[in-house]
**Student:** 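Right, I'll just put the structure down here and ask away after.
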Number of protein chains: 2
Amino acid sequence: MTIKNQSPTHSLISEELVPQLADLFSMMGDTSRLRIILCCLHEPISVSHIAEQLDLSQSLVSHHLRLLKAARMVRAERRGKQVFYVAADQHVQCVIEDMAAHVSEPHGVEDD
Amino acid sequence: MTIKNQSPTHSLISEELVPQLADLFSMMGDTSRLRIILCCLHEPISVSHIAEQLDLSQSLVSHHLRLLKAARMVRAERRGKQVFYVAADQHVQCVIEDMAAHVSEPHGVEDD
DNA sequence: CAAACATATGAATATGTATTCAAGTGTTTA
DNA sequence: TAAACACTTGAATACATATTCATATGTTTG
């Protein structure tokens, strides 16, 4: 999804969506949570595996996953004792990649 | 930018980018700031115009714009007494639209 | 059923941050 | 230059929230 047409005053994003969008963005606004999301992007991964891979406490990972699940950004699936989490859909990945593109955008010479 | 290929363990997003990305996402994670960004998306707009349009105090808008400018999400341009702000590049718009697509994604029947 | 394992949860704390208010800087104009 | 206008900035406050620790829930296996 790249650039679209534009409406008169500002955007095609309806005002009612703003709180939902903000909630989702703030989910990704924490480094621990963003890393957790990245872990879940491509394939289901267990809580303990995430914790180990990111060197975070299991408790912390679980707390974050609860938020991410409530925000419908990840989906949980139980397999025996373990619970595997995976990203809910591909849009999250698109969002992250677009933002990465923004980061690597050449920034002109500004005077801060 | 849509979906890309995927690397073995998790993503093609390098670990060093995570803090930068998280900072940008948390910029968009506040409703006031997200609304301000939307105001600046398509054309330069003055601080007072934003404040009026969103019914926020000029001071608050200015505080937020300072953060957004520091994060290189908007660019400032002085025109006489007024200062006009505009989104730095198109990626921000893409990010928002991708996220809006996520919101409107049909969510299966889950048991929270 | 008891023990071991994996995850979830609640309370407590510490840190961050959105907002307001008052005052400051910069720009035009009378 | 003084006054009016547009914006910025700093301090203060109130509120949110990331993390930890201890404990609880759920699941398999002996």
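Just so it is clear: chains get the letters A, B, ... in the order the sequence lines come, proteins before strands, and each one is counted from 1.
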**Student:** What is the distance from CD of A:E77 to C1' of C:dA6, rounded to the nearest Å?
**Tutor:** 15 Å
**Student:** Within the pair A:S32 and D:dT19, is there a side-chain N or O less than 4.0 Å away from OP1 or OP2?
**Tutor:** yes
**Student:** Hey, which of these two, A:R33 or B:F84, hits DNA chain D nearer its 5' end, going by closest nucleotide?
**Tutor:** B:F84
**Student:** What pairs of nitrogen or oxygen atoms, one from the protein and one from nucleotides 13-16 of chain D, lie under 3.5 Å apart?
**Tutor:**
none

**Student:** Check the distance between C:dA18's C1' and B:L34's CG and give it to me in whole angstrom.
**Tutor:** 15 Å
**Student:** Within this structure, what is the CE-CG distance for the pair A:M99 and B:L17, rounded to the nearest 0.5 Å?
**Tutor:** 12.0 Å
**Student:** Could you give the CG-to-P distance, from B:L68 to D:dC7, as a whole number of Å?
**Tutor:** 16 Å
**Student:** Write down the distance between CG (B:L65) and C1' (D:dA6), rounded to a whole number of angstrom.
**Tutor:** 13 Å
**Student:** Going by side chain to side chain contact (heavy atoms under 4.5 Å, CB included), name the residues that satisfy it together with A:R78, two or more places apart in sequence or in a different chain.
**Tutor:** A:V83
**Student:** Just how far, in rounded Å, is C1' of D:dT9 from CD of B:Q58?
**Tutor:** 13 Å
**Student:** Taking side chain to side chain contact (heavy atoms under 4.5 Å, CB included) as the definition, give me every residue that meets it alongside A:S62, ordered by chain and number, with sequence neighbours left out.
**Tutor:** none
**Student:** Check every strand shown and say whether B:Q82 touches a base, only sugar-phosphate, or nothing at a heavy-atom separation below 4.0 Å.
**Tutor:** sugar-phosphate
**Student:** For the CD1 atom of B:I45 and the CZ atom of B:F84, what is their distance to the nearest 0.5 Å?
**Tutor:** 8.5 Å
**Student:** So what does B:S62 hit on the nucleic acid, given a heavy-atom distance under 4.0 Å: a base, only sugar-phosphate, or nothing?
**Tutor:** base
**Student:** Pair up each side-chain donor or acceptor in residues 18-28 of chain A with any protein partner under 3.5 Å, not counting sequence neighbours, and list the distances.
**Tutor:**
from  : atom 1 : to    : atom 2 : distance (Å)
A:S26 : OG     : A:A22 : O      : 3.1
A:S26 : OG     : A:D23 : O      : 3.0

**Student:** Do you reckon A:I37 sits in the same ILVMFWY cluster as A:V86, going by side-chain contacts under 4.5 Å, direct or chained?
**Tutor:** no
**Student:** Salt bridge (Lys or Arg N to Asp or Glu O under 4.0 Å) with B:E52: which residues, sequence neighbours excluded?
**Tutor:** none
**Student:** Atom CG of A:L67 and atom P of D:dT17: how far apart are they, to the nearest Å?
**Tutor:** 9 Å
**Student:** Using a heavy-atom distance cut-off of less than 4.0 Å, which residues of residues 18-26 of chain A contact DNA chain D?
**Tutor:** none
**Student:** If I take atom CG from residue B:L60 and atom OG from residue B:S32, how far apart are they, to the nearest 0.5 angstrom?
**Tutor:** 5.5 Å
**Student:** Which atoms of nucleotides 20-27 of chain D (N or O only) lie under 3.5 Å from a protein N or O atom, and what are those distances?
**Tutor:**
from   : atom 1 : to    : atom 2 : distance (Å)
D:dT20 : O4     : A:H63 : NE2    : 3.4
D:dC21 : N4     : A:S59 : OG     : 2.8

**Student:** Taking only N and O in the side chain of A:Y85, is any of them less than 4.0 Å away from OP1 or OP2 of C:dA8?
**Tutor:** yes
**Student:** Side-chain contact, heavy-atom cut-off 4.5 Å: B:D30 with B:H64?
**Tutor:** yes
**Student:** Can you tell me how far apart CG (B:L56) and CD1 (B:I36) are? Round to the nearest 0.5 Å.
**Tutor:** 6.0 Å
**Student:** Are B:E77 and B:R75 within salt-bridge range, i.e. N to O under 4.0 Å?
**Tutor:** no
**Student:** Using the test side chain to side chain contact (heavy atoms under 4.5 Å, CB included), find all partners of A:A87 that sit at least two apart in sequence or belong to another chain.
**Tutor:** A:L41
**Student:** In this structure, how many angstroms lie between the C1' atom of D:dC5 and the CZ atom of B:R79, rounded?
**Tutor:** 18 Å
**Student:** What is the distance, rounded to the nearest whole Å, between atom NE2 of A:H64 and atom P of C:dT9?
**Tutor:** 15 Å
**Student:** 5'-most contact on DNA chain D: B:S46 or A:T31, nearest heavy atom basis?
**Tutor:** B:S46
